[in-house]
Amino acid sequence: MTFRRGSGLYLALLGADSWVNVALESCRKANPVMASAPIAPYNSSPLGNSSSPNASRESLKMEPLADVAMLPGEERVIDKDIIYICPFNAAVKGKVFITNYRLYFKNTDSESPVTLDVPLGVISRVEKMGGASSRGENSYGLEITCKDMRNLRFALKQEGHSRRDIFEIIFKYAFPLSHGMQLFAFLSQEKYEENGWNVYEAMEEYRRQGLPNSEWRVTFINKNYELCDTYPTILVVPYKATEEDLKRVATFRSRCRIPVLSWFHKENHAVITRCSQPLVGMSGKRNKDDERYLDLIREANGTTKLTIYDARPNVNAVANKATGGGYEGDDAYQNAELVFLDIHNIHVMRESLKKLKDIVYPNVEESHWLSSLESTHWLEHIKLVLSGAIQVADKVSSGSSVVVHCSDGWDRTAQLTSLSMLMLDSYYRTLRGFQVLLEKEWISFGHKFASRIGHGDKNHADQDRSPIFVQFIDCVWQMTKQFPTAFEFNERLLVVILDHLYSCRFGTFLYNCESARESNNVRVKTVSLWSFVSSDTSFYVNPFYTPESSRVLYPVASMRHLELWVTYYIRWNPRIQQQQQSPVEQRYKELLVLRDQYLKKLEELQLSDSAPSPTHLTNSSTPNAATPNQHITHLQTPF
Amino acid sequence: MELSEHIKTANVEDVTLRRPFHPALRGTLCVTSHHLLFSDGKDEASWQLLILLKNIDAIEKSVEILFGYPRAVGSSGTITIKCKDLLVLQLEIPGMEECLNIASSIEALSSLESVTEMYPFFYRPSHLTLSSPWGLSSMEQYYKQTERLWDRWRVSTVNSDYSVCLSYPSAVIVPREVDDDKLIRSARFRQGGRFPVLSYCHHRNGMVIMRSSQPLTGANKKSCKEDELLLQAVIDGSKLGYIIDLRSAQQAQQARMTGGGFESKSCYSDWKRIHRHHERGKVVQESLIKLVEACSDPSHSVDRWLSKLENSKWLSHVHSALSTAGLVVECVERDGHSVLVHGSEGTDNTLLMSSLAQLILDPASRTVTGFLCLLEREWIQAGHPFQQRCAHSAYSHARLKQECPSFLLLLDCVWQVWRQFPLALEFSEALLLRLAQEVYASDYGTFLCNSEQERCAAGVKENTHCLFQSLLRPNIEEQYLNPLYEPTDLVIWPSVHPQSLQLWTGLFLRWTEYAQNMEEAREEVWSIVKEHREQAGPDRTNNMLSTHCDTLTPFENLMDELTIL
């Protein structure tokens, strides 16, 4: 018998599309949208349900531990009977388990499993819904707002204040910092072979870029965070700038975030430098040291005119003068040109994503989908960020050095520098390089993750929160869409990164800056997300990746070519969920599993061969050895 | 009038050509009876652009007249050429008179009405001979190859002289127990004589998809016994069939005022009628025009792009087409009932549904050959009026007559399926793009005329080459194949949520940088595939123990596919 490629899989898939029957029922009731039910049978495979490696691992461990898979260091806090008011189906009776890491729900009332596995870090708000005297079914309970584009509603029995304890426990464990407790990352006992904290070493990365050299030097002036408390310890600055210069420049830049090198173009020696806004103020102050310092950046590779990209809209930059900030004026910086990139601030982005959530959760706005999408302006913001980064990348590859800043230089600036570096340098498009990019431009340079995400903090309405990093990852996703072979990593990596942006399971995205991470001993006391990612890299690899070194990728930043990242923003919708994995990736994954099984089999066979036993012949022809037929039927079952 | 008489100026030197995303070029422009030729040099290595005049949808001319000196040296004109494949070119032509001559030649020659004057009748490439067969298959051959039809179905040649139905092919497949006389009577009861014929018989349960035009019940509710018997014979004993009427119930009612109508419950008691509203004709054509207008808006910062996209309603046509095709499939596959599909004439949306349903249901129609055969059977032989529908495309200023991009809509729907099931179709997007181009302007005769009868009368088969034949022979070009093809016997249900349907950027934004990026990516994927296929050869024999050949073969197949992926 020969094994027809993939045939077993498809056969096994046949039984899996039970939803279609439901759909047909609705057809008989002459439902006008009936045909909208069909979805890819590829996706009906149960494999699709365990869409992340930890999920599958957990589901394996789950049985002995009363259905909750626990991470090392995770502890059960409370179990409770509860009704999950699923927005896509009816209310589901079940049990909820709260640990110090997660909320886990499992239904008890029907055959088909309904589960929820929500790290508590994802929760931004817990509210009581209804009162003890509320009428109507399931009107008494909890409403949980999540940071990852979903809300969860649970109903409880009205008798005996049954929600009081669970409300308090969720409130406490979801917001540990507000209750004087530690984030889970500090309690986790997870162990991984590779230490992800070693992924990024600043010196190593600068050396890779060809630094230091005769134009740029490494300075340790910030080794105790004395120059700038939100910058890393190692900085690269113009060779000709003295330590004293740096200190004087720091006085003229918001929060002392002086212009320092982010990326160096090996061929034309042009650089991307980043900083915060100059402290010009209403009176239009000038600072000779800052002016000379920018000129040193310009001189380093003989750029005729240094381009300063101010990420903000022009009016915002002007308005910032009122609070002491501002922008580089023409008179003061004669060898520079200033370009405003019109990207809006964190508040605008937060509201935009909120609007997007309104149209996709729980129900997707179907009738005027495109115009509703447009009214959120989310894609428009994505476009502005991408086109800003394209301008930066283009300027640098044409040989001119640039300075990028916004107000404080940790939100829009990080977006622009990291995206333009991703366009310019193919290293950052590898699995490892992308981690380095995030560690460098976002984590070490002080994107305020703690404030923007609000890890463990109950203050859900905090005006400092904003999905700047999500927006950046969306931009990366847009690029991977436009260049399907240029990135070593796949969409799944991006989703995992965003999931753990909130989860508080790893230390990677905790705290606002390096100095805070250092004083809290994050590298010692917590596990890095990259340890976890490195433990199963095959999961994150794009099968179509074609390495090429020298090409600059310019995505098309036109609204016409941007797409909503449906598989992230609408992934909680079961219909979209079933489509979450692209069939190609899914097939790839299935094949990887099959390959492993075959390899194992092959190994066994070779072992049995090398054993000079007389039973060898009979062994290989008995049914329980691997005759192909047996083997194949066995293989079908997992799918 | 000879074609050449339209040409007053055949050659102009020093013409500047501007194309999107390319530097401007200077060269010679030349107009022939069927082509516009631009060449940037005289030697062999020169770059040339050859455009079929029929591909030109609209031209706009602007002449710069130096004040008071209309014939002064230095006056020049610009012609903007907008093609049916959505390419837009600009030609700067020195000399006002030359410019106007060229423009008028293009205008006259791009809108030839007579079929036999069109280029396919003159196209004689050295690698093709006219004696090679035209078309891939005939209804008789299809019947012979499809064993499941033999029992209850027969080929009728009642229309062999096209007297029963002008737009049907000479042979059609009908229930065995219905004789030709009954067919003739049924034909008189259906608009344009398009009586119910078999379109597809499902391999899994023998249920069929039939198609026809609307019944001519008229205001006084006429009926036709033979038509009823014909449909009765289709379901043959089983209790239920579905009639999917591609008009709203109200539209179907209104159609009675103009002599049309629908199958009433009283006469067709075993058939359940479902109405699904579909836009047709002018409305769809205008959608295409609006969409292309939005896509070719030159400002890159198009505000309100998504609203424009939505307002064009193109994606909502895609949505309804795929939904209704899904409904047909659901009836046949899930519910196990036969289906009759029709709208009014039965030459546009009807064909769209029957062919999409087959693509979703039938693995055989997802191969290159199978897909082209499907198009041949369901569109060309079934009498989609290509010449009328594709006379103009999105740019034309001409008053719309019977234009409608039904076929383009089909290709778009197929593309959506392809995007959702990247492994399931053997052909690639490039094939769909090629078809989208050929249907409007072609070297081949395949899409000429409105029906088989017209093609016969014009001698298309004798005097032109067949596109489908040339696509498949001697070997299908690699670019038309999907490197990831993995046949599946399953029904491939497309999702029709608005978030799942996307603008076919490959077609509508074809002339942008984006398309180039995607093209490069496609080539890279192909080279990965090829590289691994080559490697797979020697690897196979590498230190593998011969005793375990049986186990290893599937393993190697797997590795083969894995490396390809």
Side-chain angles (χ1 to χ4, degrees), chain A residues 2-3 5-6 10 13-14 20-21 23-24 27 30 34-36 38-42 364 366 368-371 373-374 379 482-485 543-544 546 556 558-561 563-564 566 570 575-576 579 582-584 587-588 591-592 594-595 598 601-602 605-606 609 620 626-628 631-632, chain B residues 274 295 300 302 304-307 309-310 315 322-327 329-330 334-335 420-423 484 486 488-500 502-503 505 509 512-514 517-518 520-521 524-525 527-528 545 547-548 550-555 557-559 561-562 565:
Chain A
T2 55
F3 180 72
R5 279 200 220 162
Y10 293 119
L13 282 172
L14 270 173
V20 182
N21 296 323
L24 194 65
C27 149
M34 152 255 148
S36 64
I39 358 164
Y42 288 91
V364 179
E366 301 249 324
H368 292 284
W369 166 246
L370 292 173
S371 46
L373 179 59
E374 184 170 82
L379 286 176
Q482 295 197 15
F483 300 96
T485 61
F544 299 121
T546 318
V556 182
S558 147
M559 284 296 287
R560 294 186 190 119
H561 294 94
E563 276 175 50
L564 181 74
V566 168
I570 320 185
R575 285 181 174 166
I576 299 294
Q579 298 197 315
S582 88
V584 179
R587 182 88 184 109
Y588 182 66
L591 290 172
L592 282 176
L594 278 174
R595 182 193 60 180
Y598 271 114
K601 208 76 213 171
L602 188 67
L605 286 169
Q606 280 165 341
D609 264 356
S620 60
T627 68
H631 202 76
I632 287 153
Chain B
I274 301 174
C295 289
H300 237 242
V302 259
R304 323 234 338 120
W305 153 251
L306 291 172
S307 298
L309 182 58
E310 182 172 285
L315 283 174
L322 281 170
S323 313
T324 304
L327 175 67
V329 171
E330 198 124 10
R334 287 280 154 203
D335 230 10
Q420 292 183 23
F421 299 95
L423 309 177
L484 307 175
E486 177 72 34
T488 169
D489 288 336
L490 289 174
V491 175
I492 48 173
W493 303 91
S495 160
V496 296
H497 290 283
Q499 305 81 48
S500 308
Q502 299 229 323
L503 177 70
T505 45
L509 301 173
T512 60
E513 307 149 272
Y514 177 79
N517 294 344
M518 294 318 274
E520 283 170 24
E524 276 163 19
V525 169
S527 69
I528 293 175
L545 299 162
T547 46
H548 299 304
D550 288 351
T551 320
L552 290 176
T553 314
F555 175 65
N557 287 344
L558 180 88
M559 289 302 288
E561 194 189 338
L562 189 63
L565 271 185

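Computed from a prediction, not measured in an experiment: that's the story for all the values here. Heavy-atom basis, side chains included; hydrogens, waters and symmetry copies ignored. Chain letters run A, B, ... following the sequence lines, proteins first, then strands; residues in each count from 1.
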How many angstroms lie between atom CG of B:Leu306 and atom NE2 of A:His368, to the nearest 0.5 angstrom?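 With rounding to 0.5 Å, CG (B:Leu306) is 14.5 Å from NE2 (A:His368).
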My understanding is that only one of A:Val566, A:Leu370, A:Leu373, A:Leu564 makes a side chain to side chain contact (heavy atoms under 4.5 Å, CB included) with B:Gln499; could you say which?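 Testing each of A:Val566, A:Leu370, A:Leu373, A:Leu564 against B:Gln499, the sole residue satisfying side chain to side chain contact (heavy atoms under 4.5 Å, CB included) is A:Val566.
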List for me each residue that meets side-chain hydrogen bond (donor to acceptor under 3.5 Å, both in side chains) alongside B:Thr505, sequence neighbours excluded, and say none if there are none.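 Partners of B:Thr505 under the side-chain hydrogen bond (donor to acceptor under 3.5 Å, both in side chains) test: none.
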Suppose we screen for salt bridge (Lys or Arg N to Asp or Glu O under 4.0 Å). Which residues come up paired with A:Glu374, at least two apart in sequence or across chains?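 Testing A:Glu374 for salt bridge (Lys or Arg N to Asp or Glu O under 4.0 Å), a comparison that skips the adjacent residues, returns B:Arg304.
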Any idea which heavy atoms bring A:Arg560 and B:Cys295 closest together, and the distance?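 Between these two residues, the closest heavy atoms are CZ-O, 3.2 Å.
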Measure across A:Trp369 and B:Glu310 and return the closest heavy-atom pair with its distance rounded to 0.1 Å.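 Closest approach of A:Trp369 to B:Glu310: N-OE1, 3.5 Å.
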